[in-house]
Amino acid sequence: MSEHENTVEQERSGPLQPVLAGVVAALVGFTSSFAVVLTGLRAVGASPEDAASGLLAICVTQALGMLYLSRRYRQPITLAWSTPGAALLAGTGTVTGGWPAAVGAFVVVGALVVTTGLWPRLGALITSIPTSIAQAMLAGVLLPLCLKPVTAFAASPAFIAPVVLVWLVLQRFSKRWAVPAAFVAAAIVIAVDVVAEDRVPSPADLVPRVDLTTPQWTWQAIIGIALPLYVVTMASQNIPGMAVMKSFGYDVPWRPAMGVTGLGTVVGAPFGGHAINLAAISAALAAAPQADPDPKRRWIAASSAGWFYLLLALCSAALATLVAVAPAGVVETVAGLALLGTLGASLAGALKNEAGREAAILTFLIAASGVTVLGIGSAFWALVAGLVVRWVLMPSASARP
């Protein structure tokens, strides 16, 4: 083939490369953590229908946000739901006011994110929280969910073993697809069990729907859900997401990004969505050279990811129904496996430096304990205790390990 023919062939295949990269980014991001989202929403009081509506809402809001930001700024700006935030919800449980109060807390989170973009001092306050404390709180929140594969295997090895085995094999050969493959194995296990027990859901249960919940505000939900969810979303998603994009040469516009994700969270909250934010780990799938050799064309990957998320939103009701009819522990196992990498990174960040390690360990233990005091969950108390202990033990410390 001549040089001219090679050039023509590259021109023909070029536009497809970023499109496929965006599809992969959306597919991996969705299948690797949607189980965590559904588990978290159900934990704070959502019915199966509410959880399905919430999954649809965050798919749509982040898709529209990606389509706008990527096209407006010609950057591969990808958005995601707050997976650590969903894990936090799973460990928090129902608060005073139930599901409507949780929805009210989601609205508060969105308002805080918008305020962060408009008021730099609030962002500076979040970044002033020591990294070790924030990571320790996140690790403690993740631990109970990451233990689910162990406890579920002990209770129902026949259901759990195939899921874990598939995950382990894919970890060896293709880590990116390990969790999606584990979900496929879980879906097969669920399908076999549903047919065997004659619990096949009706076709109407598989149709996407939105359920509107009127938000309510209780101080327990604001302190116990909104504040920890905001801190986790900012510290574990938005700030790292900016850093990931910077590493690939992109300066993401801070104020518009916070405005879009914050408003998207506010809009999606009454329909059950907990939070959307800048993608962190999955951001590299659209921003790396593998998406397109030309950095100026990689925004197409983020745009195609947005369009594909709109298609995935149509699966929300079917997936929520699948979760609702699953044998005990199967979905939780997939969620726990999906969060193992995040747990490892959080523990490494929390214990990286010896200075302040005692405060980080205490933060981790309190967050993992699941205790509730005054109707407020353990994540908030872990953050408070960690900051106080660090201040007492390191009164002159100014650096954030």
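- Across all non-hydrogen atoms, the minimal contact from A52 to A320 is CB-CB, 3.4 Å.
- Considering Q237, Q62, M234, M258 as possible partners of N277, the one that fulfils the side chain to side chain contact (heavy atoms under 4.5 Å, CB included) test is Q237.
- Take S82 and apply the side-chain hydrogen bond (donor to acceptor under 3.5 Å, both in side chains) test, not counting sequence neighbours, and it matches T233.
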Run the side chain to side chain contact (heavy atoms under 4.5 Å, CB included) test on W99 and L41 for me, step by step, so that the C-alpha distance in whole Å, both residues' side-chain angles and the decisive distance to 0.1 Å come before the verdict.
CA-CA 9 Å; W99 174 241; L41 295 178; 4.1 Å; yes

Test ring-ring contact (aromatic ring centres under 6.0 Å, His included) on F34 and F183; report intermediate values, then the result.
CA-CA 10 Å; F34 82 89; F183 164 69; 4.8 Å; yes

Going through the checks in order, is the side-chain hydrogen bond (donor to acceptor under 3.5 Å, both in side chains) test met by S53 and D50?
CA-CA 5 Å; S53 177; D50 292 328; over 6 Å; no

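- Annotation for R74: atom CZ counts as buried by contact number, over 12 foreign heavy atoms lying within 6.0 Å.
- Considering CD1 of I300 and CG of L20, their distance stands at 12.0 Å, rounded to 0.5 Å.
- Judged as a side-chain hydrogen bond (donor to acceptor under 3.5 Å, both in side chains), and not counting sequence neighbours, T333 has no contacts.
- L145 CG to L337 CG: the interatomic distance, rounded to the nearest 0.5 Å, is 10.0 Å.
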Please test W217 against V107 for side chain to side chain contact (heavy atoms under 4.5 Å, CB included), starting from the C-alpha separation and ending with a verdict.
CA-CA 9 Å; W217 288 275; V107 174; 4.2 Å; yes

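- Within 6.0 Å of the CH2 atom in W307, the count of heavy atoms belonging to other residues, nucleotides or ligands does not exceed 12.
- The nearest pair of heavy atoms linking L67 to S303 is CD2-O, 3.3 Å.
- Residues H274 and I58 form a side-chain contact, since some pair of their non-hydrogen atoms from C-beta on lies under 4.5 Å apart.
- Contact of the P240 side chain with the L278 side chain is not registered, since no non-hydrogen atoms from C-beta on lie closer than 4.5 Å.
- Distance check, rounded to the nearest 0.5 Å: CG of L69 to OG1 of T261 gives 8.0 Å.
- In this structure, A86 and V37 approach most closely via the heavy-atom pair CB-CA, 3.8 Å.
- Contact record, P208 with S316: CB-OG, 4.4 Å, taken as the closest heavy-atom pair.
- Under the side-chain hydrogen bond (donor to acceptor under 3.5 Å, both in side chains) criterion, S369 pairs with no residue, sequence neighbours left out.
- The shortest side-chain heavy-atom distance between L383 and T363 does not fall under the 4.5 Å cut-off.
- The line from NZ of K352 to OG of S132 is 11.5 Å long, rounded to the nearest 0.5 Å.
- A heavy-atom distance below 4.5 Å is not found between the side chains of V108 and L227.
- A search for side-chain hydrogen bond (donor to acceptor under 3.5 Å, both in side chains) contacts involving K246 returns D251, not counting sequence neighbours.
- Taking every heavy atom of both residues into account, W81 and G29 meet most closely at CZ2-O, 3.9 Å.
- Annotation: side chain of W299 is not in contact with side chain of D292 (no heavy-atom distance under 4.5 Å).
- In this structure, the separation between CD on E332 and CG on L38 is 10.5 Å, given to the nearest 0.5 Å.
- Applying the side chain to side chain contact (heavy atoms under 4.5 Å, CB included) criterion to L365, with sequence neighbours excluded, gives I361.
- Heavy atoms only, all atoms of each residue included: Q135 and G349 are closest at CB-C, 4.2 Å.
- T116 is listed as a side-chain neighbour of Y230, based on a closest heavy-atom distance under 4.5 Å.
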Determine, step by step, whether L212 and F271 satisfy the side chain to side chain contact (heavy atoms under 4.5 Å, CB included) criterion, reporting the C-alpha distance in whole Å, the side-chain angles of both residues, the deciding distance to 0.1 Å, and the verdict.
CA-CA 5 Å; L212 180 64; F271 302 101; 3.9 Å; yes

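- Note: L263 CG to T61 OG1 = 11.0 Å, rounded to the nearest 0.5 Å.
- Two residues are said to be in side-chain contact when any heavy atoms from C-beta on lie closer than 4.5 Å; T96 and W219 fail this criterion.
- For the pair P289/R298, a side-chain contact is recorded, criterion being any heavy-atom separation below 4.5 Å from C-beta on.
- By the ring pair (Phe, Tyr, Trp, His ring centres under 6.0 Å) test, Y309 pairs with no residue at all, sequence neighbours left out.
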